[in-house]
Undergrad: 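Mind looking over this structure? Questions follow.
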Amino acid sequence: MSKVLIKGNDATVLGALLAGCEAYFGYPITPASEIAHAAAKFFSLLGRTFIQAESEVGAINMVYGAASAGQRVMTASSGPGISLKQEGVSYCAGSELPCVIVDIVRGGPGLGNIGPEQGDYNQIVKGGGHGNYKVIVLSPNSSQEMCNLTMLAFELADKYRIPVYVLTDGVIGQMMEPVEIQTPVKDVPDKKWALKGTPETAPNLITSIYMDHEDLEQHILKLDRKYKEIEEKEVRYEEYKLEDAEIVLIGYAVISRILRTVVDEARKDGLKVGLLRPITLWPFPCVKIGELSEKVKSFLVVEMSTGQMVNDVKLSVNGKKPVHLYYRVGGMVPSTEEIIKKLDEIK
Amino acid sequence: MAQKLLVKKPESFWDIYERKPGEDKQSTHYCPGCGHGNVHKLIAEALDDFGVTEKAILINPVGCSVFAYYYFRCGNVQVAHGRAPAVGTALSRCNPDSLVICYQGDGDLAAIGTNELIHAANRGENMTIFFVNNAIYGMTGGQMAPTTLIGQKTMTTPYGRNSQNEGYPIKVCELLASLEAPVYLERVALTDAKHMAKARQAIRKAINNQINKKGFSLVELLSPCPTGWGVEPPDAHKWIEENMFPYFKLGVYRDVADQREPIVRAKRIMDPKEVIEKLSLDKIGLESGGITSVPIDKYANPSLKIAGFGGQGVLLLGEVLAKAAMIKGYEVSWLPSYGPEMRGGTANCSVIIQKEKIGSPMATNPKVLIAMNRPSLEKFQNDVLPGGIIIYNTSLIDIEPSRKDVEIVSIKATGIADELGNVRVANMVALGTYIGYTGLLGREEVLKALSDSISRKNLISLNEEAIIRGMECAGKRV
């Protein structure tokens with residue numbers, strides 16, 4: 001089996017190129033800059049579009065333009081940059097434009113720092129822009145998944161005409177791991193609704209404005225039906241030793257990696273612990289967590305935020321079992337020892 | 001339909017404005033005396049005459065002209081306030097043979113969208129901007145625009161624009177003329193027949209430049225807004241002449257299309273076969289698998305912290321180690337020092353090597369510490385798990401590790417590297433020492449990993465020598 005040892009940030013660019021992404025627009029920010037570096041190198045090598053935009057706002061609106069042209073397109077940033085992009089993401093959602101946005105989360109609020117954090121959960125998963133919309137959020141936890149889930153992100157974006165986020169933390173972006181190179185996608189769907197400057201596409205209109213109130217209501221309801229379909233069909237998660245678990249650990253991105261070690265260590269001490277790792281943060285695995293809440297004793301959510309995903313877990317558990325929270329923030333990554341100590345407190 | 005015979009509409013307009021809500025599908029939504037209708041007509045006629053309607057993509061801004069798509073029979077996209085030049089940039093790059101027209105008002109272009117405008121102009125994007133300057137915000141109800149004149153009363157300058165509070169009106173053509181890239185900048189006015197004829201010429205020139213792929217053109221059109229100004233439509237032209245002409249001088253500010261080469265965009269490589277070839281995807285991979293020999297239990301599945309000062313190559317040491325283990329068939333992860341760990345004068349990385357899938361990639365309590373300088377030994381030695389290993393560089397570390405419950409391996413890494421001719425290969429001496437001591441990996445996969453990791457091929461043999469010397473010394477317990 002042939003593999004390359006690359007950073008998560010590089011793997012996401014590899015995934016994009018393999019998925020047939022034709023354009024990259026971005027603005028530098030740590031700890032996501034390697035994505036722009038790799039895109040500058042490899043998109044140009046393939047004659048595809050790379051522009052270092054004048055701003056995050058410029059970048060997301062270039063994404064809007066390329067998506068309007070019917071091309072697979074991506075941008076990447078980190079917290080402060082994503083905040084700036086939110087207007088454009090709302091427009092993409094409103095105009096039903098498929099695109100992929102990568103967020104390598106750093107410490108916040110404000111300028112925060114460049115350490116790894118997970119404080120962007122709410123602004124991404126709950127839709128940080130204006131209006132009624134949702135975005136699919138995939139959360140990789142390895143270099144291989146940075147490649148594979150980026151490829152999946154393009155597929156889902158086109159399938160549902162929706163912006164898709166790849167959301168992870170600085171650790172996953174900066175870490176090198178072996179990646180098995182996937183086969184390039186052959187058939188990128190032809191988008192008949194796009195604007196290509198051709199006779200066939202001349203009658204097309206891409207817009208999010210519906211002045212008539214009834215028309216806008218119909219548009220929002222149409223989007224909502226799409227979101228319901230996605231909630232039914234696209235939930236993804238990973239289970240680890242849940243069969244006999246009494247305490248369920250829940251975490252995403254690097255936390256899910258640490259929790260896997262915690263499960264193994266805690267089981268050595270006789271604690272029946274298992275891990276549920278959401279891969280899609282929206283749609284969230286509510287149903288699975290609801291089912292688990294019928295048979296386990298409690299949940300421990302671990303985050304690198306002061307508690308954002310924990311609210312979705314609580315909604316899913318719906319008061320049936322205790323939901324505990326452990327977190328570190330500011331760039332601090334919780335150690336397995338800390339989490340095991342917390343487990344001992346709640347067992 | 002008799003009407004249709006009398007007044008011939010440009011073909012680039014729809015006959016019936018089906019996209020326009022309400023009963024009236026024949027007339028526009030603009031106020032009496034508004035200049036937008038004229039600009040629309042001049043653009044549509046130009047598209048007709050150049051035969052490029054179906055190639056055209058019109059970017060509808062936020063402002064009164066947000067509904068331009070009611071009228072134009074070409075591709076249309078409605079965009080966020082001020083962002084048309086960014087959207088246009090991508091449309092032009094993605095469809096180099098299309099005709100991208102940004103239609104923007106003064107608030108959209110010269111206030112909220114200044115950044116997008118200046119940078120699209122500065123990149124010389126092959127696009128055309130028609131900038132309708134009427135010195136006021138129309139759609140939102142008559143507020144001050146960046147081009148509102150001194151003393152002009154608006155809803156947000158009720159006592160007149162005051163330069164000490166609001167500054168001066170922005171002269172867009174003059175501003176853009178300071179940039180190298182734009183090929184054509186002209187300011188015209190929609191007043192009498194003479195000026196209308198000039199406007200018509202300017203619009204055609206700006207479109208023609210794009211057809212010829214000459215880059216960025218902008219035409220600023222001083223345009224009437226009787227509603228916003230509170231004047232009767234017949235008086236609007238006079239208002240422009242009296243108030244706008246003295247400040248916004250008409251004329252050509254740049255016209256160099258003839259001197260510029262057409263913009264050429266690269267051919268996109270999308271075919272999977274070509275992608276694989278161009279990126280050498282079939283060559284960059286390393287064969288991984290077939291763990292044949294395993295070290296004794298206590299050296300198996302190590303987690304390592306590799307630390308030194310910046311420039312000692314500790315990240316490369318970790319990378320070569322991880323890559324060699326990958327070649328051997330192990331699961332591996334490599335994580336550079338990050339966040340708070342970066343403080344305290346050490347660069348370091350965590351490497352995990354194991355047969356099973358890796359959980360945490362952080363070696364907070366490593367089984368192995370490779371310390372290349374004294375601060376690294378002092379900082380990390382107490383984190384090493386009991387029964388683990390500390391390998392330390394005695395050339396630069398003048399103390400002994402204080403731990404009694406771990407195996408201590410000393411190596412004169414920098415000294416040996418110096419003997420080999422370059423102190424910078426001390427990292428590879430240490431790597432050799434580690435694999436020689438534990439037997440975790442063989443020489444073959446380490447040397448293969450090394451040659452894959454080092455870009456300057458003339459340095460490979462020196463590094464190889466360093467690894468081999470390290471392995472030999474490990475046996476001798478230097």
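Throughout, protein chains are lettered first and strands after them, A, B, ... in sequence-line order, and every chain is numbered starting at 1.
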Undergrad: Where does Val185(A) contact chain B at under 4.5 Å (heavy atoms): side chain, backbone, both or neither?
TA: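 Backbone of Val185(A) only, per the 4.5 Å heavy-atom cut-off to chain B.
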
Undergrad: Supply the atom-to-atom distance Leu18(A) CG to Leu279(B) CG, rounded to the nearest 0.5 angstrom.
TA: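 Between atom CG of Leu18(A) and atom CG of Leu279(B) there are 8.0 Å.
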
Undergrad: Provide the closest heavy-atom pair for Tyr64(A) versus Gln78(B) in the form atom of the first, atom of the second, distance.
TA: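 Minimum heavy-atom separation between Tyr64(A) and Gln78(B): OH-O, 2.6 Å.
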
Undergrad: What residue in Val351(B), Asn60(B), Val87(B), Asn122(B) has the most heavy-atom pairs under 4.5 Å with chain A?
TA: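 Option with the top pair count is Val87(B).
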
Undergrad: How far apart are the closest heavy atoms of Phe67(B) and Met211(A), and which atoms are they?
TA: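 Taking Phe67(B) first and Met211(A) second, the nearest heavy atoms are CZ-CG, 3.1 Å.
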
Undergrad: If you round to the nearest 0.5 Å, how far is OG of Ser333(B) from CZ of Arg257(A)?
TA: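 Arg257(A) CZ to Ser333(B) OG: 6.0 Å, rounded to 0.5 Å.
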
Undergrad: Excluding sequence neighbours, so at least two apart, what forms side chain to side chain contact (heavy atoms under 4.5 Å, CB included) with Ala253(A)?
TA: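 Ala253(A) satisfies side chain to side chain contact (heavy atoms under 4.5 Å, CB included) with Gln118(A), Ser139(A), Thr168(A), Asp169(A), Ile172(A) once adjacent residues are dropped.
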
Undergrad: Using heavy-atom distances under 4.5 Å, tell me whether Phe43(A) contacts chain B through its side chain, its backbone, both, or neither.
TA: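 For Phe43(A), neither part sits under 4.5 Å from chain B.
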
Undergrad: Closer than 3.5 angstrom, by distance alone: can the side chain of Thr364(B) be matched with the main-chain N or O of Ser335(A) as a donor-acceptor pair?
TA: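 Not at all, since once roles are kept as given, no pair shorter than 3.5 Å links the two residues.
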
Undergrad: Check Cys94(B) against Ala69(A) and note the closest heavy-atom contact, atom names and distance.
TA: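 Cys94(B) and Ala69(A) have their closest heavy atoms at CB-CB, 3.7 Å.
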
Undergrad: Working to the nearest 0.5 Å, report the span between OG1 of Thr207(A) and CG of Asn76(B).
TA: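 The OG1 atom of Thr207(A) sits 9.0 Å away from the CG atom of Asn76(B).
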
Undergrad: Nearest 0.5 Å, please: how far is CZ in Arg19(B) from CG in Leu205(A)?
TA: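 So the gap between those two atoms works out to 4.5 Å.
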
Undergrad: Tell me, for Arg265(B) versus chain A, whether the close heavy atoms (under 4.5 Å) come from the side chain, the backbone, both or neither.
TA: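 No part of it gets close to chain A.
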
Undergrad: Please determine whether salt bridge (charged side-chain N to carboxylate O under 4.0 Å, His left out) holds for the pair Glu56(A) and Arg83(B), giving the CA-CA distance in whole Å, both sets of side-chain angles, and the decisive distance to 0.1 Å.
TA: CA-CA 12 Å; Glu56(A) 298 283 2; Arg83(B) 316 304 179 210; over 6 Å; no

Undergrad: So what's closer than 4.5 Å to chain A heavy atoms on Val66(B): side chain, backbone, both or neither?
TA: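 The side chain, not the backbone.
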
Undergrad: Tell me whether Lys357(B) is salt-bridged to Glu238(A), with the criterion being a basic N under 4.0 Å from an acidic carboxylate O.
TA: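 Result for this pair is yes, salt bridge flagged.
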
Undergrad: So what's closer than 4.5 Å to chain A heavy atoms on Asn115(B): side chain, backbone, both or neither?
TA: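 Answer is both: backbone and side chain atoms of Asn115(B) are under 4.5 Å from chain A.
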
Undergrad: In sequence, state the C-alpha distance, the side-chain angles, and the governing distance for Val4(A) and Leu286(B), and then conclude on side chain to side chain contact (heavy atoms under 4.5 Å, CB included).
TA: CA-CA 6 Å; Val4(A) 287; Leu286(B) 295 164; over 6 Å; no

Undergrad: By a 4.5 Å heavy-atom criterion (distance strictly below it), what part of Ile358(B) contacts chain A: side chain, backbone, both, or neither?
TA: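 Both backbone and side chain of Ile358(B) come within 4.5 Å of chain A.
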
Undergrad: Of the non-hydrogen atoms in Asn61(A) and Ala86(B), which two are nearest, and what is the gap between them?
TA: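 That closest heavy-atom pairing would be CB-CB, 3.7 Å.
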
Undergrad: What part of Ser288(B) gets within 4.5 angstrom of chain A, counting heavy atoms only: side chain, backbone, both, or neither?
TA: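 Both parts, backbone and side chain.
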
Undergrad: Let me see the working for Asn204(A) and Val77(B) under side chain to side chain contact (heavy atoms under 4.5 Å, CB included), right down to the final yes or no.
TA: CA-CA 8 Å; Asn204(A) 290 347; Val77(B) 54; over 6 Å; no

Undergrad: Determine which pairs satisfy salt bridge (Lys or Arg N to Asp or Glu O under 4.0 Å) with at least one residue from residues 268-289 of chain B, sequence neighbours left out, and list them in order.
TA: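 The answer is Glu22(A)-Arg268(B).
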
Undergrad: Can you say whether Ser90(A) sits under 4.5 Å from chain B via the side chain, the backbone, both, or neither, judging by heavy atoms?
TA: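 Contact with chain B: none, neither part.
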
Undergrad: Please report the interatomic distance CD1(Ile118(B)) to CD(Glu54(A)), rounded to the nearest 0.5 Å.
TA: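 One gets 10.0 Å once the value is rounded to the nearest 0.5 Å.
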
Undergrad: Using heavy-atom distances under 4.5 Å, tell me whether Ile51(A) contacts chain B through its side chain, its backbone, both, or neither.
TA: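 The answer is the side chain of Ile51(A).
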
Undergrad: Show your reasoning for whether side chain to side chain contact (heavy atoms under 4.5 Å, CB included) applies to Ile209(A) and Tyr69(B).
TA: CA-CA 11 Å; Ile209(A) 189 170; Tyr69(B) 64 84; 3.3 Å; yes

Undergrad: Measuring only between side-chain heavy atoms, which start at C-beta, is Val275(B) closer than 4.5 Å to Arg48(A)?
TA: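 Yes, their side chains come closer than 4.5 Å.
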
Undergrad: Given that the side chain runs from C-beta out, which part of Ile181(A) has a heavy atom under 4.5 Å from chain B: side chain, backbone, both or neither?
TA: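 Looking at Ile181(A), just its side chain touches chain B.
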
Undergrad: Do Val333(A) and Met362(B) make a side-chain contact, defined as non-hydrogen atoms from C-beta onward lying under 4.5 Å apart?
TA: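 The answer is yes, as the side chains (C-beta and beyond) meet within the 4.5 Å cut-off.
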
Undergrad: Does a side-chain heavy-atom distance below 4.5 Å link Asp264(A) with Glu356(B)?
TA: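 Not touching, per the 4.5 Å side-chain cut-off.
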
Undergrad: Side chain from CB out, backbone as N, CA, C, O: work out which of these in Met326(B) comes under 4.5 Å of a heavy atom of chain A, or both, or neither.
TA: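 Answer is side chain: those atoms of Met326(B) sit under 4.5 Å from chain A.
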
Undergrad: As an exercise, state the distance from OG of Ser92(B) to CE of Met62(A), rounded to the nearest 0.5 Å.
TA: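 Rounded to the nearest 0.5 Å, the OG-CE separation comes to 11.0 Å.
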
Undergrad: Of the listed residues (Ala120(B), Gly75(B), Ser98(B), Ala56(B)), which shares the most heavy-atom pairs with chain A below a 4.5 Å separation?
TA: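 Going by pairs under 4.5 Å, I would pick Gly75(B).
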
Undergrad: Do you know the tightest heavy-atom contact between Pro178(A) and Val332(B)?
TA: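 Heavy atoms only, the tightest pair is CD-O, 3.3 Å.
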
